[in-house]
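Worksheet: the structure to be examined is printed underneath.
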Amino acid sequence: MRLLARTQVDGMPYEDWLKILMALDAELGTRTALEVAYWWQPEEYHAELPGKFNSFHRKKGKIVTWGTLEFLARKYRIVPRLVTTKGGNFEKQFIDAADLWPFIEKHRVVFVKSPHGSGKTRTLVQIANDPRYYGFMDLGHRRALLRSKAKDLNTAVYLDIEGDKRRNEPRLSLCANSTPSLVTIDESTGLPTGVPKYALLSLDEYSQFLSHISADSYDGNRVVTLAVLRELVRQADTVLVMDAGLSQEDIDASVRDWNLQPGEYCVIENTVENPGLKAKLYGTEWALTSEMLDRIALGEKAFVVTNNRGRASRLMDLITDRFPKLRCLFIHADNSQSAEVQALMTDTSGFGSYDVVVSTPAIGTGISIDKPMGFVVYGFGDSYVTPAPDFMQQLRRMRSPKDSTLHLWLDQACGGNFIRSAGEAKLYMYRRHHLLGLRHNEAFTDFIEADRKYIELTAHVVQRNSEDTVQFRYQMLNILHDLGIVVEELPEDIDDEALIEEVKDIAKRQKENWREMVLTAPEVDEDDLEWLRRKASRTPEEAATLQKGIILDRYGEFTEELFDLEQKGLWSKIQERRLLLEDPEAVSYTHLTLPTNREV
């Protein structure tokens, strides 16, 4: 809507111009819509605008809303562009360090927006290994991705280093959750002290990083994370911020929060599109599953991408049950660091020896399968798991899909476990500090209330994250559109009931097997549990032992009832309720009425 409102299109028919005004009126209300229209339209049209808006309320019929705006945006090829500051636009299918050096030498902070699959990670490797940047930190949001890049970046992964020694590591790959391990927290103010200085700070996939730290599932200290990030940026000689989904709002909020001065930073955008690539959008997950199985049966290779580990596991079992002779590979967090998978990361030509590859977010960036291998790419995108930019990163690992086509199902559900307001963020912090064993003391309250930059950035982050995740399907369609990928929406077909029952049986079997593995797994002490947590690659048996150890660690006991509750994702609310009541015996996990956020 904002794009249409600030874009002039030569030769736009009167009917489309009128539809845009009607949609603005329906979505924003007449007063705000009129202000936007004044801003949008040349001054010679201003006199007739009030009459146009008044006429909309005298007409009866279908209201023009968001969907029409999306259609018109695609029709007129309206693509979001950043306000480039001291930087500029360029069009390159693949970028490299030579494109960025002129800007890095003139500006301390460089924001780079470049499409998925355009070589951002490889460019980062070139820059990070320059001799002038011996002191280097790669700050990210997902452990598997950090580890997959670490070898090329020549960094130590934080999981392999004891917490108090991380600040002394000159080249470090660090997850946002672990930023507190770099600093000492001043108990009187709640502020971090002793933040280390790096010659180069990389914030790769920055928009996804912001989404990650605003998720309700984020298990770190959000206050400290943002405070440490601010100090890291302030001290670094060079800061490189890159993302395919970098928005103007992300940049503006960060410039304010980091207190960057004019000339201290620049914004660069690679406006290249992906010519020739198209996408088929299936009406249901079952329609896409049937298409995938039919084409595998005909001998075609399949590269299956999903952001849902459970779905990936079910799809893998479905394929191996039906086609036991095929050579299949399932890549997930527990095996992403195994010798087999790491060999493929180093030499991607090895993927060609497989008939089917099923991939989770364990590989979402830093790997490019460039050679055409005849894989048909299938994407199953769930709205409750990762934001749309993360999922697009997964899809673009296979650069040359068969027939230059992506076969997609995108969840239309709205919801998820993400904070959606600054007020809710404050409540979340209160609850999270209890979970971490910290008390909501006066100094902490003063710190939060006084630090307006933090609250402002939090409000921006949670609003942005809500847009990315709650409207997953819309966001994915916008990303495809921005990349110049033509989308063909297929009509809904009758679902295969036999297939649905087959997948349900697989899911039931998997749950029963997992339950049995955890219940019969050995108990481990604290040292072994920490070893399992840190281990880069785990067998199914080790994963089950880890799960049992986590429940023991949380509750001090392990029972079948606790395991079942944990599988439903209820453990944090139980623990939360106990801590808030400050009486561990006050709530029985077997007879529990879960509180709402407002009640908490």
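With S313 contributing its side chain and G310 its backbone, the two residues share no donor-acceptor pair below 3.5 Å. The closest donor-acceptor contact from the side chain of D411 to the backbone of G381 lies at 3.5 Å or more, if one exists at all. Panel note: side chain N335, backbone H332; a donor-acceptor pair is recorded below 3.5 Å. Panel note: side chain R311, backbone N307; no donor-acceptor pair is recorded below 3.5 Å. The backbone N or O of P115 sits less than 3.5 Å from a side-chain atom of K120, completing a donor-acceptor pair. The closest donor-acceptor contact from the side chain of K301 to the backbone of I296 lies at 3.5 Å or more, if one exists at all. Proximity of a side-chain donor or acceptor of D403 to a complementary backbone N or O of T405 within less than 3.5 Å is not detected. Listed for the D99 side chain is a donor-acceptor partner under 3.5 Å among the backbone atoms of D96.
A pairwise comparison of heavy atoms in L408 and L288 identifies C-CD2, 3.7 Å as the closest pair. When every heavy atom of S353 is checked against every heavy atom of R327, the shortest pair comes out as OG-NH1, 2.8 Å. The shortest non-hydrogen separation linking I331 to F351 is CD1-CE2, 4.0 Å. Nearest heavy-atom pair across T123 and I95 is OG1-O, 3.1 Å. Closest approach of C328 to I319, counting heavy atoms only: SG-CG2, 4.2 Å. Scanning all heavy atoms of the two residues, the minimum distance from D250 to S207 falls at OD2-OG, 2.6 Å.
Put simply, CE on M398 and CZ on F303 are 4.5 Å apart, with the number rounded to the nearest 0.5 Å. Rounding to the nearest 0.5 angstrom, the gap separating the CG atom in L293 from the CG atom in D496 is 9.0 Å.
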Report task. Please lay out, stage by stage, how F209 and D243 fare under the test side-chain contact (heavy atoms from CB on, under 4.5 Å). Result -> CA-CA 10 Å; F209 174 90; D243 201 305; over 6 Å; no
Report task. Check the pair T306 / N308 against side-chain hydrogen bond (donor to acceptor under 3.5 Å, both in side chains), numbers first and verdict last. Result -> CA-CA 5 Å; T306 175; N308 184 323; 5.7 Å; no
Report task. Check the pair H407 / Y378 against ring-ring contact (aromatic ring centres under 6.0 Å, His included), numbers first and verdict last. Result -> CA-CA 5 Å; H407 298 263; Y378 304 94; 5.6 Å; yes
Query raised in the report: Where do S202 and D138 land on the side-chain hydrogen bond (donor to acceptor under 3.5 Å, both in side chains) test, with the steps shown first?
Result: CA-CA 5 Å; S202 162; D138 182 29; 3.3 Å; yes
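Under the 4.0 Å criterion applied to side-chain N and carboxylate O atoms, D334 and R309 are assigned as salt-bridge partners. Comment: R509 engages D317 in a salt bridge, judged by a side-chain N to carboxylate O separation of less than 4.0 angstrom. Contact check on D321 versus R314 returns no salt bridge, with no Lys/Arg side-chain nitrogen under 4.0 Å from an Asp/Glu carboxylate oxygen.
Between the side chains of Y282 and T289, no donor-acceptor pair of N or O atoms lies under 3.5 Å.
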